[in-house]
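What follows is a set of notes on a single structure, which appears directly below.
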2 protein chains.
Amino acid sequence: MESMSDALDSVFSALADPTRRAILSMLLEDDMAVTDVADPFDMSLAAISKHLVILTKAGLISQEKRGRVKWCKLQPDAMRSASVWMQGFGQFEPVNLDAFERFLKEELQETVDP
Amino acid sequence: MESMSDALDSVFSALADPTRRAILSMLLEDDMAVTDVADPFDMSLAAISKHLVILTKAGLISQEKRGRVKWCKLQPDAMRSASVWMQGFGQFEPVNLDAFERFLKEELQETVDP
DNA sequence: CGTATCGTCAACCATTTGGTTGAATAACGC
DNA sequence: GCGTTATTCAACCAAATGGTTGACGATACG
């Protein structure tokens with residue numbers, strides 16, 4: 001069984017990598033096949049496959065195989081415990097979604113198009 | 001200059017270690033000297049000192065030297081960007097502070113008293 | 001002054017991480 | 001059936017991480 005602390009470990013360390021954060025941002029749009037996830041990155045498919053395993057183990061995505069294609073789906077609920085943990089350190093401003101979209105776009109640029 | 005993505009990298013990877021999360025929880029109570037931070041952990045002072053450097057570089061704490069004692073102070077604002085990033089993936093329930101205190105206590109137990 | 005305390009530094013070590021390649025497995029399309 | 005596409009596996013590698021120890025520089029105390 002996984003302790004609470006282990007869950008925070010795996011979620012925070014999954015989120016600590018810019019490639020993995022970029023993948024999560026992409027999946028915010030829609031579910032994607034592994035190959036399509038890998039496409040914008042300057043990195044082997046095998047490397048992306050490993051990142052997806054890490055995201056899956058952290059519970060941040062799920063993967064379902066249909067035919068020869070494996071679909072990746074965002075599971076944002078896995079962020080809840082981490083989010084709650086952080087919220088305990090302060091009340092952060094209510095989310096400005098417009099600002100957030102600009103933020104995501106910029107981060108995506110930085111990551112896949114350096 | 002530090003990009004947004006670098007800031008998220010350093011904050012999330014700082015938070016990915018249970019020892020460092022426990023330190024932050026301790027500092028929620030009050031500012032502390034390095035030696036006192038190190039006290040509950042079964043680990044050398046030098047190791048804790050390194051963790052504190054990582055937390056400082058991430059902006060999550062500040063350190064001020066008065067006399068021969070270096071005081072550590074929580075800087076929860078550094079979590080804001082990371083929190084906002086995560087919030088973008090879903091509206092997580094409003095924080096239940098009682099539950100959060102139980103949560104922290106349990107995590108602290110697991111970490112310093114295994 | 002001498003000594004004890006606070007904290008960091010430097011060197012070292014084992015393990016983990018993030019990437020690579022090439023081969024292997026599995027499902028499609030002709 | 002056969003080539004092609006989708007994905008993972010295995011072996012390997014360099015660099016980063018998290019820890020140790022012992023020496024060291026500063027500050028405080030008696």
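Here is how names work: the chains are called A, B, and so on, in the same order as the sequence lines, proteins then strands, and each is numbered from 1.
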Members sharing A:V53's hydrophobic cluster, built from side-chain contacts under 4.5 Å between Ile, Leu, Val, Met, Phe, Trp and Tyr, are none
Excluding B:V69, membership of its hydrophobic cluster (Ile, Leu, Val, Met, Phe, Trp, Tyr; side-chain heavy atoms within less than 4.5 Å) reads B:W71
Any chance you could measure [X], atom [atom1], to [Y], atom [atom2], to the nearest 0.5 Å?
X	Y	atom1	atom2	answer
B:D17	A:L8	CG	CG	12.0 Å
B:M86	A:L15	CE	CG	7.0 Å
B:S62	B:K70	OG	NZ	11.0 Å
B:L60	B:L52	CG	CG	11.5 Å
A:L24	B:W85	CG	CH2	5.0 Å
B:D39	B:I48	CG	CD1	10.0 Å

Note: contacts of residues 46-54 of chain A with DNA chain D (heavy atom, under 4.0 Å) are A:A46, A:S49, A:K50
Keeping the roles fixed (side chain from B:R21, backbone from A:S5), state whether a donor-acceptor pair exists under 3.5 Å. yes
How about [X] and [Y]: do any of their side-chain heavy atoms sit closer than 4.5 Å?
X	Y	result
B:F41	B:H51	no
B:V34	B:Q63	yes
B:M43	B:K50	no

Measure from [atom1] on [X] to [atom2] on [N] and round the result to the nearest Å.
X	N	atom1	atom2	answer
B:D36	C:dG7	CG	P	8 Å
B:D17	C:dT15	CG	P	18 Å
B:E64	C:dC6	CD	C1'	16 Å
A:W71	C:dA27	CH2	C1'	15 Å
B:M43	C:dG7	CE	P	17 Å
B:K70	C:dT8	NZ	C1'	8 Å

The helix from C:dC1-D:dG30 to C:dC30-D:dG1: angle between terminal helix axes, five bp per end, to the nearest 10 degrees, reads 20°
Polar-atom pairs under 3.5 Å, protein N or O versus N or O of nucleotides 28-30 of chain C: list them with distances, or write none.
{"residue": "C:dC28", "atom": "O4'", "partner": "A:R68", "partner atom": "NE", "Å": "3.4"}

Footprint ends on DNA chain D, 5' to 3', for atoms under 4.0 angstrom from a heavy atom of chain A, come out as D:dT4 to D:dA11
B:R20 and B:S13 have their tightest heavy-atom pair at NH2-O, 3.0 Å
